[in-house]
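Working notes for the structure below.
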Protein chains: 2
Amino acid sequence: MGNAYNVMAATCPSRTVLHRIGARWTVFVVNALDNRPMRFTELKAHIRGITSKALTETLRAMEYDGLISRTEIPAHPPHVEYALTDLGRSLLTPLRAVREWAESHVPDIESARAQADAQR
Amino acid sequence: MGNAYNVMAATCPSRTVLHRIGARWTVFVVNALDNRPMRFTELKAHIRGITSKALTETLRAMEYDGLISRTEIPAHPPHVEYALTDLGRSLLTPLRAVREWAESHVPDIESARAQADAQR
DNA sequence: CCCGGACGGTATAGATTTGATACCGGTATC
DNA sequence: GATACCGGTATCAAATCTATACCGTCCGGG
């Protein structure tokens, strides 16, 4: 498809993009918002182990990059809703594949680790 | 396909697997070894911006996880060759998709960032 | 009115990870 | 010899992440 960007070049903008995708929690947020918008606390509960700070920073960065939208809903009680944008949804396909790979290859990696440990 | 692992659970082994895949440089190494084995210095030159230390650590971790193999070749001059294992090759498909997403969506993200900057 | 709790975060400090820079031993070439 | 390349280590400073505590707003109950 020959586009002009190459992640292997240190200065290429695609590098920063890949860096952002690869950031600790981005994958989890994208996967969590897969089929519906969520609120802050809902996300925090869903992605077990994330702290408020990490979640806030991840959401801010993703919003800045146009991957998610943040909407304050003035209902009673008011609350905040995070949702994938079209761009974010387009990222869903590759990231879901990564997630599925991770979930389905746990035994392979665990046995590789066990074998490496036994070696020493 | 219903496997037993869920990355959203903090204690799930798949979490550590995903963490490893998401580590700074893993994506680059997998993509670099896409169509042939490479030597240490070759990899370092190919993945612009990586330091020896980062590359060493990434390679060690990936070898431990069974994603790549490290072979010392006793030719003259002797050298070291890194190659994807079958497991590593299976990771290639999802990660190549991520790489391609990054390379093809740079303009979208840049314009989202520009728009966010203009907002303030 | 007062109390308590949920929501959506901040502030701060300590631990962990990363990166820059320098260096090193072995092999081969000049 | 002297020099250079390969495949790394060692060391230390800088950036990042985590844990923990805290905060203001809004709401419902008593």
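Reminder, nothing fancy here: chain letters follow the sequence lines and each chain counts from 1.
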**Message:** Between B:Arg70 and B:Glu72 (salt bridge meaning N to carboxylate O under 4.0 Å), is one present in this structure?
**Reply:** yes
**Request:** Using five base pairs at each end, measure the axis-to-axis angle across the helix from C:dC1-D:dG30 to C:dC30-D:dG1 and round it to 10 degrees.
**Result:** 10°
For nucleotides 28-30 of chain C, tabulate all protein N/O to nucleotide N/O atom pairs closer than 3.5 Å, reporting atom names and distance.
from: C:dA28; atom 1: OP1; to: B:His76; atom 2: ND1; distance (Å): 2.2

**Request:** Kindly give the heavy-atom pair with the smallest separation between A:Ala54 and A:Thr58, and that separation in Å.
**Result:** O-OG1, 2.7 Å
**Request:** Return yes if some donor-acceptor pair links the side-chain N/O of B:Thr26 with the main-chain N/O of B:Gly22 below 3.5 Å, else return no.
**Result:** no
**Request:** Scan for ring pair (Phe, Tyr, Trp, His ring centres under 6.0 Å) pairs involving residues 92-111 of chain B, sequence neighbours excluded, and state none if there are none.
**Result:** B:Trp101-B:His105
**Prompt:** Of all heavy-atom pairs between B:Leu95 and B:Val27, which one has the smallest distance, and what is that distance?
**Reply:** CD1-CA, 3.9 Å
**Asked** Does the distance from a Lys or Arg side-chain N to an Asp or Glu carboxylate O, for B:Glu57 and B:Arg24, drop under 4.0 Å?
**Response** no
**Prompt:** What is the distance, rounded to the nearest whole Å, between atom NE2 of A:His79 and atom C1' of D:dC27?
**Reply:** 14 Å
**Message:** Using OP1 and OP2 only, check whether a side-chain N or O of B:Tyr82 sits under 4.0 Å from D:dG8.
**Reply:** yes
**Request:** Keeping the roles fixed (side chain from B:Ser14, backbone from A:Ala102), state whether a donor-acceptor pair exists under 3.5 Å.
**Result:** no
**Message:** I'd like to know if the side chain of A:Asn6 pairs up with that of B:Arg99 as donor and acceptor (distance under 3.5 Å, no hydrogens or angles considered).
**Reply:** yes
**Prompt:** To the nearest 0.5 Å, what is the distance between CG (A:Leu33) and CD (A:Glu42)?
**Reply:** 9.5 Å
**Request:** Scan residues 52-70 of chain B against DNA chain C and write down, sorted by residue number, each residue with any heavy atom closer than 4.0 Å; if none is found, say none.
**Result:** B:Lys53
**Prompt:** According to the ring pair (Phe, Tyr, Trp, His ring centres under 6.0 Å) rule, which pairs have a member within residues 28-47 of chain B, sequence neighbours left out?
**Reply:** B:Trp25-B:Phe28
**Prompt:** Just by distance, do the side chain of B:Arg15 and the backbone of B:Val7 share a donor-acceptor pair under 3.5 Å?
**Reply:** yes
**Message:** Contact list please: residues 12-49 of chain A against DNA chain C, heavy atoms, distance less than 4.0 Å, in numerical order.
**Reply:** A:Arg24, A:Arg39, A:Phe40, A:Thr41
